[in-house]
Each structure stands twice: as structure tokens, then as C-alpha cells.
Amino acid sequence: MNRNLIRCKIPVTTVLMLFCILSTAAFTKNAADTTFYYFTNGSISMYETPWLAGRKTYEIFNCKGKSIYRIENTHQSFTVFTTFTFHDNGAVNTALTRTNPDASIYTYESRIQFDRSNSTLSMQNTQTPQESVVHAMGETYLWHSEKIAWIKQEVIRCAPVTFE
């Protein structure tokens, strides 16, 4: 082996500067890497950014181009992963987000339903494994567009009916 090719003196500051430049370039989002999903009328329904430092973002738009919902996936000490289904007009039908916090035995699912114009309708949250019937049923929330918040759907308990 020719040792003359291996030996060279590079100042430490140069090495650090090259490392910073190369590591920044490797973790910079590129607009060309973003995936766009469209309504059949040509407007943007949703976009998906590339992975950056263990995170990925989905942003959902209504028919008029207004951002209405944002979901972030994460692969770090915990995992958040989302899959989508679409209506035939290009609108998001369902966003199913699975969360596994800190590699626990529990997995949480959140299923969000959207209408044909990407307006949020409902959200169903469940836990696996289920510890009770309540966990198996999950919790349902309805979207309140005026309050811009999820409202938990309550079960009305009725008094038992007695027949005489």
C-alpha cells in the first residue's frame, strides 16, 4: 500500500466545516421530494413531505386551497405512522394514525373521516390490546367547525323502563 496517498494534513476547522456543510445538505428538505395529491378539479388535496430527522408531515387542504388539517409522522423513540384512503374525486377519505409510545405493548389508533371536500367529520380513537369493553369500543369525537375543536360524542344513559 502506498502510504504517500494516505498521509495528508487537513486542519481540524476544515474538517468540521465540511462535516457541517455535508450534514446540512443531507437533511435539507427538497421541494422536488414532496409528493402532492390532487382533487379531480386540479387543486391540491394533500401534500406529503420527505422524511427529515425522523419526521414527516402531511397537510390536507379543502377544495378552496385552505389548509385544514396537519398530521406529523415520527420515527424516534416512539412511532407515529399514518396511512390514507381517498375518495374518487381525490379528497382524503380516511387518515388512520397508529401510535406506539416508547415501544410499549399498547398501540393507539386514531381514524379520522373526511368528506368529499376534505372537511373533517369524525375521529375514532382505540387502544390495543383492549383492557375492557370501553377500550374495545373506543372514543368517538365529532368535529365542531365553529369552535374548531373535536367534541367527544357522549352516550346518553337512560333510566330503566319498568312495565307494570
Side-chain angles (χ1 to χ4, degrees), residues 24-163:
T24 303
F27 292 108
T28 303
K29 287 183 184 177
N30 184 351
D33 295 335
T34 301
T35 304
F36 291 88
Y37 299 85
Y38 295 92
F39 287 104
T40 52
N41 69 4
S43 61
I44 295 174
S45 171
M46 180 180 86
Y47 74 77
E48 169 186 351
T49 64
W51 287 100
L52 175 65
R55 296 184 186 275
K56 175 187 247 187
T57 303
Y58 299 94
E59 191 150 2
I60 301 170
F61 298 87
N62 66 10
C63 292
K64 298 175 183 172
K66 180 182 176 191
S67 174
I68 58 163
Y69 209 79
R70 186 183 188 104
I71 300 172
E72 184 175 86
N73 283 357
T74 304
H75 287 292
Q76 295 177 353
S77 63
F78 61 98
T79 302
V80 178
F81 187 77
T82 307
T83 55
F84 295 91
T85 61
F86 293 87
H87 290 285
D88 57 358
N89 72 339
V92 176
N93 182 20
T94 305
L96 178 61
T97 302
R98 291 182 175 94
T99 305
N100 185 348
D102 297 326
S104 75
I105 63 167
Y106 296 103
T107 300
Y108 301 94
E109 282 189 1
S110 177
R111 181 182 305 273
I112 302 173
Q113 296 289 333
F114 295 87
D115 67 9
R116 296 178 61 79
S117 64
N118 273 354
S119 295
T120 48
L121 297 175
S122 65
M123 176 172 60
Q124 175 80 25
N125 293 332
T126 56
Q127 170 189 310
T128 305
Q130 294 91 8
E131 296 175 346
S132 67
V133 174
V134 173
H135 286 126
M137 291 174 44
E139 296 177 334
T140 301
Y141 296 83
L142 301 175
W143 182 252
H144 195 293
S145 58
E146 292 175 7
K147 293 182 180 179
I148 309 175
W150 292 107
I151 307 295
K152 186 175 180 183
Q153 185 178 10
E154 299 291 333
V155 176
I156 299 173
R157 305 207 186 275
C158 300
V161 176
T162 57
F163 295 98

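Position 1 is the first residue of the sequence; numbering continues from there. The figures here come from the full heavy-atom set of this structure, side chains too, leaving out hydrogens, waters and symmetry mates.
For the pair Pro50 and Asp33, the tightest heavy-atom approach, listed with the atom from each and the gap, is CG-CB, 3.7 Å. When all heavy atoms of Ile44 and Phe39 are compared, the pair lying nearest together is O-CE1, 3.6 Å. Of all non-hydrogen atoms in Phe114 and Ala95, the two that sit nearest each other are CE1-CB, 3.9 Å. Taking both residues in full, the closest heavy atoms of Phe86 and Met46 are given as CZ-CE, 3.8 Å, listed atom of the first, atom of the second, then distance. Summarising the geometry of Cys63 relative to Ser43, their closest heavy-atom pair is O-OG, 3.7 Å, with the distance given to 0.1 Å. Nearest heavy atoms, Gly90 versus Ser45: O-OG, 2.8 Å.
When atom types are taken as modelled, the side chain of Thr74 and the backbone of Gln76 share no donor-acceptor pair closer than 3.5 angstrom. Counting only distance, with no hydrogens or angles, the side chain of Thr85 and the backbone of Thr94 share a donor-acceptor pair below 3.5 Å.
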(message) I'd like to know whether Leu142 forms a side-chain contact (heavy atoms from CB on, under 4.5 Å) with His144, so could you lay out the CA-CA distance, the side-chain angles of the two residues, the decisive distance to 0.1 Å, and finally the verdict.
(response) CA-CA 6 Å; Leu142 301 175; His144 195 293; over 6 Å; no
(message) With side-chain contact (heavy atoms from CB on, under 4.5 Å) as the criterion, how do Tyr37 and Val92 come out once you've worked through the C-alpha distance, each side chain's angles and the decisive distance to 0.1 Å?
(response) CA-CA 9 Å; Tyr37 299 85; Val92 176; over 6 Å; no
(request) Take Thr49 and Arg55 through the side-chain contact (heavy atoms from CB on, under 4.5 Å) test and state the conclusion after the steps. (result) CA-CA 9 Å; Thr49 64; Arg55 296 184 186 275; over 6 Å; no
(request) Might you work through the side-chain contact (heavy atoms from CB on, under 4.5 Å) test for Ile112 and Trp143, ending with a clear yes or no? (result) CA-CA 10 Å; Ile112 302 173; Trp143 182 252; over 6 Å; no
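Applying the salt bridge (Lys or Arg N to Asp or Glu O under 4.0 Å) criterion to Lys152, with sequence neighbours excluded, gives Glu139. Listed by chain and residue number, Ser110, Met123, Tyr141 satisfy the side-chain contact (heavy atoms from CB on, under 4.5 Å) test with Asn125 (two or more places apart in sequence, or in another chain). Residues forming a side-chain hydrogen bond (donor to acceptor under 3.5 Å, both in side chains) with Thr40 (at least two apart in sequence, or on another chain): none.
We find the CZ-OG1 distance between Arg111 and Thr140 to be 11.5 Å, quoted to the nearest 0.5 Å. In this structure, CD on Glu109 lies 5.0 Å from CG on Leu96, to the nearest 0.5 angstrom. Between Asn100 atom CG and Ser77 atom OG the span is 10.5 Å, to the nearest 0.5 Å. To the nearest 0.5 Å, the span separating CD1 on Ile68 from OG on Ser145 amounts to 11.5 Å. Interatomic distance, Thr35 OG1 to Glu48 CD, rounded to the nearest 0.5 Å: 4.5 Å. A distance of 4.5 Å separates CD1 in Ile60 from CD1 in Ile71, rounded to the nearest 0.5 Å.
Under the 4.5 Å side-chain criterion, counting only non-hydrogen atoms from C-beta, Asn118 is not in contact with His87.
With 3.5 Å as the limit, one finds a donor-acceptor pair spanning the side chains of Asn73 and Thr82.
Of the residues listed (Tyr38, Tyr58, Phe84, Phe61), the one engaging Tyr47 in a ring-ring contact (aromatic ring centres under 6.0 Å, His included) is Phe61, and it is the only one.
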